Amino acid sequence: MRFLLGYGSCGIAAGAAAVAEALETALAGSGHALEKVGCNGLCFAEPLMQYIDDEGRDHYYGRLDARSAASVAARLLAGEVPEENLLSEEELSFLTGQTRIALRHCGLIDPESLAAYEGAGGYRALRAALSGTGAQVIEQIRISGLRGRGGAGFPTWRKWQAASEAKGEKKYVVCNADEGDPGAFMDRSVLEGDPHSVLEGMMLCGFAIGACEGLIYVRAEYPLAVRRLRIAIEQLRAAGLLGENILGSGFSFDFRMMMGAGAFVCGEGTALLASLEGGRGMPRPKPPFPAQSGYHRYPTNINNVETFANVPWILENGGAAFAAMGTADSKGTKVFAMAGKVKRGGLVEVPMGLTLRQIVFDICGGIRDDRPIKAVQIGGPSGGCLPASLLDTPIDYASIGATGAIMGSGGLVVMDDTACMVDMARFFMEFTSKESCGKCTPCRVGTTRMKEILDRICEGKGEPGDMERLQGLGESIRDSALCGLGNSAPNPVLTTLRYFPEEYRAHIQEKRCPALSCAALRKYRIDAAKCVGCSLCSRKCPTQAISGQIKRTYHIDPAKCVACGACRKACRFGAVELYSGEAAQ
């Protein structure tokens, strides 16, 4: 009998601390201890407790508070299986539809226990590798077909091979844990739920390429991940698994950790290295590539959290086992952070080749409130917005690339029919223009100009030719920016122009927002058939835009209306309607 409580950032934010206290009190004297684990991905049901009975059957209790948690625990101890707060089979299809490799231990082991990780098979791959050669490790990574999960999808073994062959007095392994995409939380959850898998993956890489040290570049906004990484590193050191001549193998390795200040551009490898070296995070021209000249000009291999988390499993099970999943050019599984208007948001890990539709509807339960799906944003702010007509696109690098989007690190934001795609493009362009490091003119100036045009369009001030201007600027930035982040920055605009041109035309030519989202293009009117003349709307209007007489129909003067929505909130009869009209002049 085990009681496991999700104690990642999402669970704590939802109230897991109070739930933990209630469960510990309820379990006191029972001979059973509460196990605090990382997030198992069911973020939509936090705070969440997994109960495993004596026969190994799982029961998931979600949306707990202190009172319900204490009641559930007491009844479980009494031999009952209460129905209250028990997740349904439909909700648990979120888990059963997944194949977990990078997330294999998240939510199942104590992330602050080396013994728990080793009990689940941890460091077996490292111990076995130390009895062989680095070339054998690289060969298994080659067979696996693992590609970097940070966004570019470059074959992992090629990076490792290049760093192995490079000449240098010292070599380094760098973990990119600078997860900066809006809506992305894959790396954070792995670091919080299974930090040792990332450390073991880095050590295997270090052994393969002949590196002496691992550098972890992690966001300062991830305090729980930072704390658990520090605990894991100290545990390794105390166990003699770090330092000189590890396990008598002749392999020496250690870790250092640096916290980044949250610059999006530091997700790019050379900008990350510049920050690690104490400089401003700005990309460097390539070549030379980091494998030849990286950290302080020494050969350096850079991979992200998810990539390293896959490595121990591949070495333990063999590269062929990983390659058996996925598609011809995209092997294994991929983790996605599901956010936006899905019913069941959280972390999803699926074999490459599943479609967007299968992920959104079969695993995540479809769209909240059963509204129509309009688009998915894949690949983060440098990704693309894909329409509902492309939901049957397989999740693999080639198929996603063909749409004009990118796989990215795994953020996937789902939008329903209330989303304005022009405003969505503006949101992402505002983000990338602010996050531009400013080193190259195409990105520094070009993204700002694109954002200014989008601002005008959303304010009802769009001009003929704006769509062509956006297209031309986007293509110029894509083709001439210095780094990969700059090259991909226009993607949200280019994909919305490609798949939602009618929305741009409505904004520019008709001065209306079909989704009723852009504030400057929203207007209110009163339905005479529903208005009872109660005057509540008039009394709440801050600009005296509503006139009429008691028990007669009221009217809104569009010239005075500032579209604040106070009248609509006040109306008890649904008489105040929102519509899209021309921007106020």
Side-chain angles (χ1 to χ4, degrees), residues 41 43-44 93-94 97-98 149 151 153 179-186 306 327 330 333-429 431-432 488-504 514-515 517:
C43 306
F44 66 90
S93 65
F94 182 89
Q98 299 187 42
R149 299 305 197 234
E179 187 173 51
D181 294 7
F185 47 94
M186 304 78 61
E306 185 183 343
T327 65
S330 301
T333 61
K334 181 71 189 77
V335 179
F336 291 96
M338 301 300 298
K341 295 299 181 71
V342 284
K343 290 181 179 178
R344 300 193 283 267
L347 280 182
V348 171
E349 184 174 3
V350 295
M352 294 277 201
L354 259 69
T355 65
L356 291 166
R357 186 184 305 278
Q358 287 173 299
I359 295 174
V360 172
F361 286 92
D362 296 347
I363 295 177
C364 295
I367 309 305
R368 201 179 304 160
D369 300 323
D370 294 319
R371 297 190 69 93
I373 184 171
K374 185 172 189 177
V376 294
Q377 164 73 11
I378 185 169
S382 296
C385 296
L386 305 182
S389 60
L390 292 181
L391 283 177
D392 293 313
T393 300
I395 296 286
D396 63 62
Y397 291 101
S399 299
I400 295 297
T403 67
I406 61 172
M407 183 84 72
S409 59
L412 211 160
V413 181
V414 181
M415 291 164 270
D416 64 17
D417 60 340
T418 64
C420 170
M421 303 316 297
V422 183
D423 192 42
M424 188 61 61
R426 177 175 67 162
F427 169 81
F428 285 110
M429 190 51 60
F431 178 86
T432 51
S488 56
N491 281 349
V493 179
L494 294 176
T495 51
T496 50
L497 283 168
R498 177 177 175 180
Y499 297 116
F500 303 95
E502 70 285 351
E503 290 204 31
Y504 280 89
S517 174

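Position 1 is the first residue of the sequence; numbering continues from there. Hydrogens, waters and symmetry mates are skipped; everything else that's a heavy atom, side chains included, is used. Keep in mind it's a predicted model, so treat the numbers as computed, not measured.
Residues in residues 361-370 take part in these side-chain hydrogen bond (donor to acceptor under 3.5 Å, both in side chains) pairs, two or more places apart or across chains: Lys343-Asp370.
For the pair Ile373 and Phe361, the minimum side-chain heavy-atom distance is below 4.5 Å. Side-chain contact check for Lys341 versus Lys374: every heavy-atom pair is 4.5 Å or farther apart. Between Ile395 and Ile400 the shortest side-chain heavy-atom distance falls below 4.5 Å. Between Arg149 and Val335 there is no side-chain heavy-atom pair separated by less than 4.5 Å. Residues Met407 and Phe336 have side chains in contact (heavy-atom distance under 4.5 Å, counting atoms from C-beta outward).
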Criterion side-chain contact (heavy atoms from CB on, under 4.5 Å) on Val413 and Met338, from CA distance to verdict: CA-CA 6 Å; Val413 181; Met338 301 300 298; over 6 Å; no

side-chain contact (heavy atoms from CB on, under 4.5 Å) between Ile367 and Val414, intermediate numbers included: CA-CA 8 Å; Ile367 309 305; Val414 181; 3.5 Å; yes

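Between the side chains of Tyr504 and Thr496, at least one donor-acceptor pair of N or O atoms lies under 3.5 Å.
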List the atom pairs, with distances to 0.1 Å, where a side-chain N or O of residues 344-354 and a protein N or O form a donor-acceptor pair under 3.5 Å, not counting sequence neighbours.
{"unit_1": "Arg344", "atom_1": "NE", "unit_2": "Ile363", "atom_2": "O", "d": "3.4"}
{"unit_1": "Arg344", "atom_1": "NH2", "unit_2": "Glu90", "atom_2": "O", "d": "3.4"}
{"unit_1": "Arg344", "atom_1": "NH2", "unit_2": "Ser93", "atom_2": "OG", "d": "3.2"}
{"unit_1": "Arg344", "atom_1": "NH2", "unit_2": "Ile363", "atom_2": "O", "d": "3.3"}
{"unit_1": "Glu349", "atom_1": "OE1", "unit_2": "Ile101", "atom_2": "N", "d": "3.1"}
{"unit_1": "Glu349", "atom_1": "OE1", "unit_2": "Ala102", "atom_2": "N", "d": "3.3"}
{"unit_1": "Glu349", "atom_1": "OE1", "unit_2": "Leu103", "atom_2": "N", "d": "2.9"}
{"unit_1": "Glu349", "atom_1": "OE2", "unit_2": "Ile101", "atom_2": "N", "d": "3.0"}
{"unit_1": "Glu349", "atom_1": "OE2", "unit_2": "Ala102", "atom_2": "N", "d": "2.9"}
{"unit_1": "Glu349", "atom_1": "OE2", "unit_2": "Thr333", "atom_2": "OG1", "d": "2.6"}

Review item, side-chain donor-acceptor pairs of residues 379-388, under 3.5 Å, at least two apart:
{"unit_1": "Ser382", "atom_1": "OG", "unit_2": "Ser488", "atom_2": "OG", "d": "3.3"}

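In this structure, CG on Leu412 lies 8.5 Å from CD on Gln377, to the nearest 0.5 angstrom. Once rounded to the nearest 0.5 Å, the distance linking CZ of Phe500 with CE of Met424 reads 10.0 Å. How far CG of Leu390 is from OG of Ser399: 11.0 Å, rounded to the nearest 0.5 Å.
Of the possible polar contacts, one joining the Tyr499 side chain to the Thr403 backbone as a donor-acceptor pair under 3.5 Å is found. With hydrogens and angles ignored, the 3.5 Å screen pairs no side-chain donor or acceptor of Glu503 with any backbone N or O of Cys420.
Taking all atoms of both residues into account, the shortest heavy-atom contact from Gly180 to Phe431 is O-CZ, 3.6 Å. Annotation for Ser517 and Thr418: closest pair CB-O, 4.1 Å, computed over non-hydrogen atoms. Between Val342 and Ala339 the shortest heavy-atom distance is CG2-O, 4.2 Å. Closest approach of Ala375 and Met421 over heavy atoms only: CB-CE, 3.7 Å. Nearest heavy atoms, Ala337 versus Met186: CB-SD, 3.4 Å.
Looking at residues two or more places apart in sequence or on another chain, you find a side-chain hydrogen bond (donor to acceptor under 3.5 Å, both in side chains) between Thr355 and Gln358. Here Asp181 pairs with Ser409 under the side-chain hydrogen bond (donor to acceptor under 3.5 Å, both in side chains) rule; sequence neighbours left out. Residues passing the side-chain hydrogen bond (donor to acceptor under 3.5 Å, both in side chains) test with Arg498, sequence neighbours excluded: none.
A salt bridge links Arg371 with Asp417: the distance from a Lys NZ or Arg NE/NH1/NH2 to an Asp or Glu carboxylate oxygen falls below 4.0 Å.
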